[in-house]
Colleague: 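Here you go, one structure.
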Protein chains: 2
Amino acid sequence: MHSHPHGEVETPVTPQRVLEVLRRDGGRITEARRAVVETLLAAGDHHVTADELAAAVQARHPEVHRATVYRTLDRLESTGIVSHTHLGHGPSTFHLTDHPHHHAVCRSCNAIVELPPGALDDVAARLHDQHGWTLAPQHFALSGLCPDCATLG
Amino acid sequence: MHSHPHGEVETPVTPQRVLEVLRRDGGRITEARRAVVETLLAAGDHHVTADELAAAVQARHPEVHRATVYRTLDRLESTGIVSHTHLGHGPSTFHLTDHPHHHAVCRSCNAIVELPPGALDDVAARLHDQHGWTLAPQHFALSGLCPDCATLG
DNA sequence: ATAATTGCAAAGTCTTTGCAGTTTG
DNA sequence: CAAACTGCAAAGACTTTGCAATTAT
């Protein structure tokens, strides 16, 4: 369907795979976690907030509490398979780490562009050389104006 | 004391100047606003949260309510003389727009580096050419690991 | 005068936590 | 069985809002 920017073979991420990582980390596999993971993967490339995820999970499993969703995401994040991004204002959004990318968010209409992983190499190198910093590129979003909002402004 | 990165003459920003901008925008000059502006300027290059600012203001003007500080910052921001930045987790921080710069925040210890305005030109150009986006560089922080945390990790 | 601003208290949004009961490995 | 996890309810951090009284212009 779409080619991978680096020509790597795209390894499909299944709920099973994710849960396995979780178990390997000492975690337990529960109904609630299964549901959260399935729903997260179903979101695909979409950026999901914890609350949206909770709502989607509760559509099929009404007993799963929001707190459990937050805790599951925390747990998944500590294994490194999931991470969250701050898209400016509003809640954090969660996604798998299998497909590295950066985000830019329109500060006016909240539209999102995904940028290829290399897009920040220049800044990353500077930060490292001049300040000794290691950039964690998946954790923040750039902010700006999308083409539509720029012309309207 | 310290030289400007671009060798421009540094125009000193005074409370009066800021309040004038506010008035020119149709705003009124009040005791509370005077106090907020003075305290904000006193913070210098430091990145202040609304709550920190409120606390500092209240040290001398206990009657000024936190809500007023938030509203004043909003108002100042809409004139363009102040803006806020998201430094990752936690509250936004506010600063004058007179001295453009970017931030990187350590995701482990919250240390901050300021980066010169040009540091993101490369990404900005890409965003513009490839996606039509206009980067609003003062609005976000990069996230990473500072030298100390990187070596400890 | 009149429109903007204030203080207050209350609510709103997003997230975390303590706890007692349940479930997993 | 022991440790991990859950639902719940409550609280916590940060920010916004409605309103009646005050104040700047």
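Quantities reported herein were computed from a predicted structural model and do not represent experimental measurements. In what follows, every chain begins at residue 1, and chains take the letters A, B, ... in the order their sequences are listed.
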Colleague: Quick one: label A:E31 by what it contacts on the DNA or RNA (base, sugar-phosphate, nothing), any heavy atom closer than 4.0 Å.
Modeller: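 Since no nucleic acid heavy atom lies under 4.0 Å of A:E31, the category is nothing.
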Colleague: Taking N and O atoms by type only, does the side chain of A:R71 place a donor or acceptor under 3.5 Å from a partner on the base of C:dG18?
Modeller: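 Answer is yes: a donor-acceptor pair is held.
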Colleague: Look at the side chain of A:T72 and decide which nucleotide, out of C:dC14, C:dA9, D:dT6, has an atom nearest to it.
Modeller: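 Nearest nucleotide to the side chain: D:dT6.
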Colleague: Using whole Å, what does the distance between atom P of nucleotide C:dT16 and atom NE2 of A:H65 come to?
Modeller: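 To the nearest whole Å, that distance equals 14 Å.
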Colleague: Closest to the A:Y70 side chain: C:dT16, D:dT15, C:dG25?
Modeller: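 Output: C:dT16.
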Colleague: Using OP1 and OP2 only, check whether a side-chain N or O of A:R33 sits under 4.0 Å from D:dA4.
Modeller: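 Result: no.
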Colleague: Indicate whether OP1 or OP2 belonging to D:dC14 is found under 4.0 Å from a side-chain N or O atom of B:T49.
Modeller: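 Negative; the distance criterion is not met.
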Colleague: Distance check needed: C:dT6 P versus B:D74 CG, whole Å only.
Modeller: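 Checked: the CG to P distance equals 12 Å.
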Colleague: Is a side-chain N or O of B:T85 found less than 3.5 angstrom from the main chain of B:L87, in a donor-acceptor match?
Modeller: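 Such a contact is absent between B:T85 side chain and B:L87 backbone.
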Colleague: Which part of the nucleic acid, if any, lies within contact of A:R66, taking any heavy atom under 4.0 Å across all strands shown: a base, the sugar-phosphate backbone alone, or nothing?
Modeller: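 It contacts base atoms.
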Colleague: Which part of the nucleic acid does B:S92 contact within heavy-atom distance under 4.0 Å: base, sugar-phosphate only, or nothing?
Modeller: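 Sugar-phosphate contact only - B:S92 comes under 4.0 Å of backbone atoms but never of a base.
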Colleague: Nearest-Å distance, NE2 (A:H86) to C1' (C:dT15)?
Modeller: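 Answer to the nearest Å: 12 Å.
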Colleague: Starting at atom NE2 of B:H61, determine the distance to atom C1' of C:dG7, rounded to an integer number of angstrom.
Modeller: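 In whole Å, C:dG7 C1' lies 16 Å from B:H61 NE2.
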Colleague: Calculate the interatomic distance between A:L76 atom CG and D:dC5 atom P; express it in whole Å.
Modeller: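 Value for this atom pair: 11 Å.
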Colleague: Do NZ/NE/NH1/NH2 and the carboxylate oxygens of B:R24 and B:E20 come within less than 4.0 Å?
Modeller: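 Here B:R24 pairs with B:E20 in a salt bridge, since their nearest N and O are under 4.0 Å apart.
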Colleague: Is any side-chain heavy atom of A:L53 less than 4.5 Å from a side-chain heavy atom of A:F94?
Modeller: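 A side-chain contact is absent here, since even the closest heavy-atom pair is not under 4.5 Å.
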Colleague: Taking only side-chain nitrogens and oxygens of A:T68, does any of them come within less than 4.0 Å of OP1 or OP2 of D:dC5?
Modeller: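 For D:dC5, neither OP1 nor OP2 has a side-chain N or O of A:T68 closer than 4.0 Å.
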Colleague: Does the gap between the ring centers of A:H95 and A:H84 come in under 6.0 Å?
Modeller: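 Distance test on ring centres: not under 6.0 Å, no.
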Colleague: For A:R28 and D:dA4, give me the distance from atom CZ to atom C1', rounded to whole Å.
Modeller: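 So the CZ-C1' distance, A:R28 to D:dA4, works out to 4 Å.
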Colleague: Roughly how many Å is it from CD1 in B:I29 to C1' in C:dA3, rounded to a whole number?
Modeller: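 Between C1' of C:dA3 and CD1 of B:I29: 16 Å.
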Colleague: Which nucleotide wins on minimum distance to the side chain of A:T30, given the candidates C:dT24, D:dA9, C:dC8?
Modeller: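 Nearest nucleotide to the side chain: C:dT24.
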Colleague: Would you say the side chain of B:E77 lies within less than 4.5 Å of the side chain of B:R75, judging by non-hydrogen atoms?
Modeller: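 No - every pair of side-chain heavy atoms lies 4.5 Å or more apart.
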Colleague: Could you check how far CG of A:L22 sits from C1' of D:dA4, rounded to whole Å?
Modeller: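 It is 11 Å, rounded to the nearest whole Å.
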Colleague: With respect to the phosphate group of C:dA4, does any side-chain polar atom (N or O) of B:R75 fall under 4.0 Å of OP1 or OP2?
Modeller: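 No, because none of the side-chain N or O atoms of B:R75 sits under 4.0 Å from OP1 or OP2 of C:dA4.
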